[in-house]
Enquirer: 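For reference, the structure I am asking about is given below.
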Amino acid sequence: AFASGEPLSPLFFPAHVNGTDPITMTPNAGAVPMGGLSGGPVVNAAGEVVGIFVSVSKTPAKNMMIFSYGATPVAAFQDAMGED
């Protein structure tokens, strides 16, 4: 938790986009899988918000775990709100 007026420390991790509707991403090597991202922005390389984090999942595969993140595209929120 943070108090009002405290600066936020953004978390950045590069990921490979596997799909776009919904957005699914696999963190690049070395990225630490994290929970608590739900509701946070997904930003593309141009700095544009393109989605909102909704899930993190893990799948066992040959002596390792594969982590992936899910996000809802911003366009889905705009459609629901009747915005362009």
Side-chain angles (χ1 to χ4, degrees):
F2 66 95
S4 178
E6 288 184 19
L8 298 177
S9 299
L11 172 69
F12 168 79
F13 65 87
H16 173 78
V17 176
N18 303 316
T20 58
D21 194 15
I23 299 170
T24 56
M25 301 163 286
T26 303
N28 291 354
V32 178
M34 300 203 55
L37 298 173
S38 294
V42 175
V43 181
N44 66 13
E48 302 164 324
V49 175
V50 295
I52 306 297
F53 278 105
V54 295
S55 66
V56 61
S57 62
K58 61 184 178 180
T59 306
K62 293 188 180 181
N63 300 324
M64 64 180 163
M65 297 299 277
I66 297 174
F67 287 86
S68 63
Y69 294 93
T72 300
V74 167
F77 289 100
Q78 291 170 329
D79 290 346
M81 300 285 294
E83 298 177 9
D84 293 328

Enquirer: Quick one: list whatever passes side chain to side chain contact (heavy atoms under 4.5 Å, CB included) with Pro41, sequence neighbours left out.
Expert: Val43, Val49
Enquirer: For Pro22 and Ala71, work out which heavy atoms get closest and say how close.
Expert: CB-O, 3.6 Å
Enquirer: Mind checking side chain to side chain donor-acceptor pair (under 3.5 Å) for Ser57 and listing every partner two or more places apart, or none if nothing turns up?
Expert: Ser68
Enquirer: Val74 and Tyr69: same hydrophobic cluster, using ILVMFWY side-chain contacts below 4.5 Å?
Expert: no
Enquirer: Is Phe53 linked to Val17 within one hydrophobic cluster, defined over Ile, Leu, Val, Met, Phe, Trp and Tyr using a side-chain heavy-atom separation of less than 4.5 Å?
Expert: yes
Enquirer: Same hydrophobic cluster for Val42 and Val54, using side-chain heavy-atom links shorter than 4.5 Å among ILVMFWY?
Expert: no
Enquirer: Tell me, please, which residues at least two apart from Thr24 pass side chain to side chain contact (heavy atoms under 4.5 Å, CB included).
Expert: Asn18
Enquirer: Using the side chain to side chain contact (heavy atoms under 4.5 Å, CB included) criterion, which residues pair with Ala46? Sequence neighbours excluded.
Expert: Asn44, Glu48
Enquirer: For Thr20, check side chain to side chain donor-acceptor pair (under 3.5 Å) against everything at least two apart and list the hits.
Expert: none
